[in-house]
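What you see is a predicted model, and the numbers here were worked out from it, not measured in a lab. One is the number of the first residue; the rest follow in order along the sequence.
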Amino acid sequence: GLPTLLAFPLPPDDLLGGALGLLFAEADQRHCGRQAALDRLAEVAVIYLLRRAMEEGGGSAGLLAGLAHPALARVLSALHAQPDGDWTLERMADLAGMSRSTFAETFRAVIGATPGDYLQGWRLQLARAGVEAGRSLKAVAREVGYASPAALSRALSQRYGASIRALTREARLDRAAA
């Protein structure tokens, strides 16, 4: 959902510039608690960066553009907060305060995917992360809104071109190599 490159001027009183200044200053030091401070400062810098990208139209289509659109931001936030919800086009359109057809057209134009395709992709990203983290397929299926582990397994295999076992094995190998 992010553009390949984000570049912004950083005036002296800019919050993003301030956060990055603190981050870089901490990175140059070897003080106690350094890693904890770096982790939090990096999170703050990313939040400020994403806010700036949304404010300045950091992408013509995609997640940032959707989050910058007030009506779509409500829907995207709800989909991300409750991926297992019973999300119909009508429910999403109501949340956006639009007709179904206007919502579907706007969502596709701004996000670059249909609402259904976006939701499926989000659910499968979450499911893959859950399975790769070692959680049971049954629990993950329930968390992301799939009716059964078998349905989720088929969808994951179709989307990623690999079985659940292969995805899990690959994730274990990646963790072991790190």
Side-chain angles (χ1 to χ4, degrees), residues 1-8 10 14-17 19-20 23 39-133 135 137-149 151-162 164 167 171:
L2 294 174
T4 306
L5 174 68
L6 291 171
F8 304 109
L10 295 175
D14 186 80
L15 290 175
L16 175 58
L20 290 172
L23 178 67
D39 292 346
R40 270 56 171 202
L41 288 167
E43 290 172 1
V44 169
V46 168
I47 290 168
Y48 287 159
L49 180 65
L50 293 175
R51 283 181 184 168
R52 174 73 65 81
M54 287 185 293
E55 289 167 2
E56 296 187 13
S60 57
L63 182 58
L64 283 181
L67 291 171
H69 188 288
L72 296 183
R74 285 192 301 273
V75 175
L76 290 166
S77 295
L79 294 176
H80 284 235
Q82 191 184 14
D84 63 334
D86 183 20
W87 292 108
T88 62
L89 183 62
E90 185 171 356
R91 182 176 174 206
M92 288 185 257
D94 285 346
L95 187 56
M98 300 177 178
S99 70
R100 287 186 331 204
S101 60
T102 300
F103 171 73
E105 290 170 17
T106 302
F107 194 98
R108 181 166 182 113
V110 174
I111 301 297
T114 67
D117 287 345
Y118 179 85
L119 178 58
Q120 180 186 32
W122 174 241
R123 286 174 168 169
L124 291 175
Q125 283 180 337
L126 293 174
R128 181 176 181 169
V131 167
E132 288 178 345
R135 297 198 344 264
L137 190 60
K138 184 176 182 179
V140 170
R142 202 173 35 252
E143 291 168 9
V144 299
Y146 272 79
S148 70
L152 176 57
S153 179
R154 282 190 303 276
L156 284 168
S157 294
Q158 201 171 33
R159 171 69 134 227
Y160 297 109
I164 293 296
L167 292 173

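- Rounding to the nearest 0.5 Å places CG of L15 at 11.0 Å from CG of L10.
- Residues passing the side-chain hydrogen bond (donor to acceptor under 3.5 Å, both in side chains) test with T114 are D117, sequence neighbours excluded.
- Applying the ring pair (Phe, Tyr, Trp, His ring centres under 6.0 Å) criterion to Y118, with sequence neighbours excluded, gives H80, F107.
- Judged purely by atom type and a 3.5 angstrom limit, R123 uses its side chain to pair as donor or acceptor with the backbone of P83.
- For E132, the side-chain hydrogen bond (donor to acceptor under 3.5 Å, both in side chains) criterion is met by R128, not counting sequence neighbours.
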Would you be so kind as to tabulate the donor-acceptor pairs closer than 3.5 Å made by side chains of residues 152-160, with sequence neighbours excluded?
unit_1 : atom_1 : unit_2 : atom_2 : d
S157   : OG     : S153   : O      : 3.0
S157   : OG     : A162   : O      : 3.3

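- When every heavy atom of A19 is checked against every heavy atom of A45, the shortest pair comes out as CB-CA, 4.2 Å.
- For Y146, there are no ring pair (Phe, Tyr, Trp, His ring centres under 6.0 Å) partners two or more places apart in sequence or in a different chain.
- In terms of heavy atoms, A151 sits closest to S148 at N-OG, 3.0 Å.
- Scanning for side chain to side chain contact (heavy atoms under 4.5 Å, CB included) contacts around R135 gives V140, E143, with sequence neighbours left out.
- Between A71 and M98, the shortest heavy-atom contact is CB-CE, 3.7 Å.
- With sequence neighbours left out, the side-chain hydrogen bond (donor to acceptor under 3.5 Å, both in side chains) criterion links D94 to no other residue.
- Residue A104 comes nearest to L89 through the heavy atom pair CB-CD1, 4.3 Å, listed as atom of the first residue, atom of the second, then distance.
- Partners of A73 under the side chain to side chain contact (heavy atoms under 4.5 Å, CB included) rule, at least two apart in sequence or in another chain, do not exist in this structure.
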Using the side chain to side chain contact (heavy atoms under 4.5 Å, CB included) rule, take H69 and L76 through it: C-alpha gap first, then chi angles, then the decisive distance, then the call. CA-CA 10 Å; H69 188 288; L76 290 166; over 6 Å; no
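- Between D39 atom CG and L23 atom CG the span is 10.0 Å, to the nearest 0.5 Å.
- The distance from atom CG of L67 to atom CZ of R74, rounded to the nearest 0.5 Å, is 12.5 Å.
- Checked against side chain to side chain contact (heavy atoms under 4.5 Å, CB included), A78 has the following partners two or more places apart in sequence or in another chain: W87, L95.
- Counting only residues at least two apart or in different chains, side chain to side chain donor-acceptor pair (under 3.5 Å) contacts with residues 41-51 are absent.
- Applying the side-chain hydrogen bond (donor to acceptor under 3.5 Å, both in side chains) test to E90 and every residue at least two apart in sequence or in another chain returns nothing.
- Taking each heavy atom of G66 and I111 in turn, the nearest pair found is CA-CD1, 3.4 Å.
- Scored by the side chain to side chain contact (heavy atoms under 4.5 Å, CB included) test, A68 finds M54 as partners (sequence neighbours excluded).
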